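Computed over heavy atoms, backbone and side chain alike; hydrogens, waters and symmetry mates excluded. Given the structure is predicted, the values throughout are model-derived calculations rather than measurements. Note that the numbering runs from 1 along the sequence shown for the chain.
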Amino acid sequence: MSQSFNLRFNRRHMLAGSALLGLPWLAGCGLPLPGGPGPRLYTLSPKSTYPDSLPLVNAPLLVEEPVAASGLNTARIVLKPDPFQIDYFASVAWADRAPNLVQTLMIESFESSRKIVSVGRETTGLRADFILKNELREFQAEYYERDTASAPDINIRMSATLIRMPQRLIVDRFEAQHEMTAASNRFVDVIRAFDEALGKVLSKLVRE
C-alpha cells in the first residue's frame, strides 16, 4: 500500500471524525427541536375540609373514571364561546385527561374525609361493597355573550350513581354542579376558579 494512499485514507477519516464531533455542538446551538415547546400543564387540588359530623362508612368503595363526551375527554382545557360551540385554550393543558384528573381528585377527596374505610380506582380489580359510577357533564370556561377579554364563568357538573356489589343494585343517584365567575380574565384566575368550583362539586359528592 503506497504512502500517498495512506495519507489520503487518514485525511478522510480525520475529516469525518471532525464532522461527527461537531454534531453535539450543533445540537446545542439553538436549533429548534421537532414539535416546538409543549403546553404549560395545570392540575387542581382535592377537597380536604369536611364537617366532623360526616358519618363513618365502614365499607370499601371503588370509584370509576367519569364518563365524558369526546369534547371533554381530553387534556385540553375547554372554553365555550356560546352554548353550541366548543373550543380550547391555546398553549395550556391539564396534566392528565379531564376525566382521569377528576377521578384522582375524587379518590383523594374521599381519603381526606377520613370517614371511609377504603377507597380506590375501579380498574384495580379489588373487591368492594360499593362502586361509584360517574359522568362529567360540564367542565369548561364559558364566555357567553362576552368576549375572551372578559372574566369567564366556570361551570362544572357531575352526576354519580352508587351501586351495591355484588348484587349491582342502585343505592342512590345524585348530581352536583357549581358555577362561578373567575376573578379576572388572567389565566391564573381562571385556573383558581376551576379549582374552587371543582372543590364544591367534590365536597357535595363525598358528603352525599
Side-chain angles (χ1 to χ4, degrees), residues 32-50 63-113 119-123 132-161 174-208:
L33 296 174
R40 287 172 293 158
L41 300 181
Y42 292 87
T43 189
L44 301 173
S45 60
K47 179 65 178 174
S48 59
T49 305
Y50 297 93
V63 178
E64 287 193 351
E65 179 181 308
V67 175
S70 59
L72 294 178
N73 191 11
T74 175
R76 303 182 72 182
I77 302 177
V78 177
L79 69 87
K80 294 183 71 173
D82 60 61
F84 311 106
Q85 183 181 354
I86 289 181
D87 206 342
Y88 302 93
F89 289 99
S91 304
V92 293
W94 298 121
D96 203 343
R97 291 183 302 105
N100 198 38
L101 176 67
V102 170
Q103 180 193 29
T104 298
L105 296 173
M106 191 181 307
I107 291 170
E108 292 179 1
S109 296
F110 274 108
E111 290 174 340
S112 296
S113 73
V119 61
R121 296 177 187 273
E122 192 271 338
T123 53
L132 189 64
K133 291 182 173 291
N134 309 284
E135 183 176 354
L136 187 60
R137 295 183 172 178
E138 311 285 351
F139 196 71
Q140 70 259 351
E142 297 175 345
Y143 290 88
Y144 300 172
E145 299 180 355
R146 73 193 83 171
D147 58 39
T148 53
S150 305
D153 294 329
I154 305 302
N155 185 6
I156 297 178
R157 180 165 64 101
M158 292 186 66
S159 66
T161 302
F174 41 89
E175 183 174 281
Q177 183 174 16
H178 191 79
E179 298 178 73
M180 62 176 295
T181 303
S184 76
N185 68 336
R186 294 189 311 151
F187 198 69
V188 65
D189 287 328
V190 174
I191 291 297
R192 285 171 180 160
F194 264 105
D195 192 60
E196 184 174 345
L198 182 60
K200 299 290 187 183
V201 170
L202 293 178
S203 177
K204 184 175 182 181
L205 290 177
V206 171
R207 286 185 285 107
E208 292 190 3

Show the atom names and distances, to 0.1 Å, of all donor-acceptor pairs under 3.5 Å that link a side chain in residues 95-102 to residues at least two apart or in another chain.
| unit_1 | atom_1 | unit_2 | atom_2 | d |
| --- | --- | --- | --- | --- |
| D96 | OD2 | N100 | ND2 | 2.5 |
| R97 | NH1 | E65 | OE2 | 3.1 |
| R97 | NH1 | N73 | OD1 | 2.5 |
| R97 | NH2 | E65 | OE1 | 3.1 |
| R97 | NH2 | E65 | OE2 | 2.9 |
| N100 | OD1 | R121 | NH1 | 3.3 |

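- Taking all atoms of both residues into account, the shortest heavy-atom contact from S109 to L202 is OG-CD1, 3.6 Å.
- In this structure a side-chain-to-backbone donor-acceptor pair under 3.5 Å is missing from E175 to R157.
- In terms of heavy atoms, V206 sits closest to S113 at CG1-CB, 4.2 Å.
- Between the side chain of Y42 and the main chain of V188, no donor-acceptor pair closer than 3.5 Å is present.
- Heavy atoms of other residues, nucleotides or ligands lying less than 6.0 angstrom from CD of E145 number 12 at most.
- By the side chain to side chain donor-acceptor pair (under 3.5 Å) test, N155 pairs with E142, Q177, sequence neighbours left out.
- For Y88 against R76, the heavy-atom pair with the smallest separation is CD2-CB, 3.3 Å.
- Summarising the geometry, atom CD belonging to Q140 is positioned 10.5 Å from atom CG belonging to D153; distances are rounded to the nearest 0.5 Å.
- M158 CE to N134 CG: the interatomic distance, rounded to the nearest 0.5 Å, is 4.5 Å.
- Below 30°, between 30° and 60°, or above 60°: for F187 and F89 the angle between ring planes is above 60°, a perpendicular geometry.
- Rounding to the nearest 0.5 Å gives a distance of 5.5 Å between CZ of F174 and CG of L132.
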Check residues 190-201 and write down every donor-acceptor pair under 3.5 Å in which the side-chain atom is one partner and the other belongs to a residue at least two apart or another chain.
| unit_1 | atom_1 | unit_2 | atom_2 | d |
| --- | --- | --- | --- | --- |
| R192 | NH1 | D189 | OD1 | 3.3 |
| D195 | OD1 | S45 | N | 2.7 |
| D195 | OD1 | S45 | OG | 2.8 |
| D195 | OD2 | S45 | OG | 2.9 |

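- Using a 4.5 Å heavy-atom cutoff, the side chains of R137 and L72 are not in contact.
- When every heavy atom of Q103 is checked against every heavy atom of P66, the shortest pair comes out as CB-CD, 3.8 Å.
- The minimum heavy-atom distance between V78 and K80, with the atom names listed, is CG1-CG, 4.3 Å.
- Taking every heavy atom of both residues into account, S150 and Y143 meet most closely at O-CE2, 3.3 Å.
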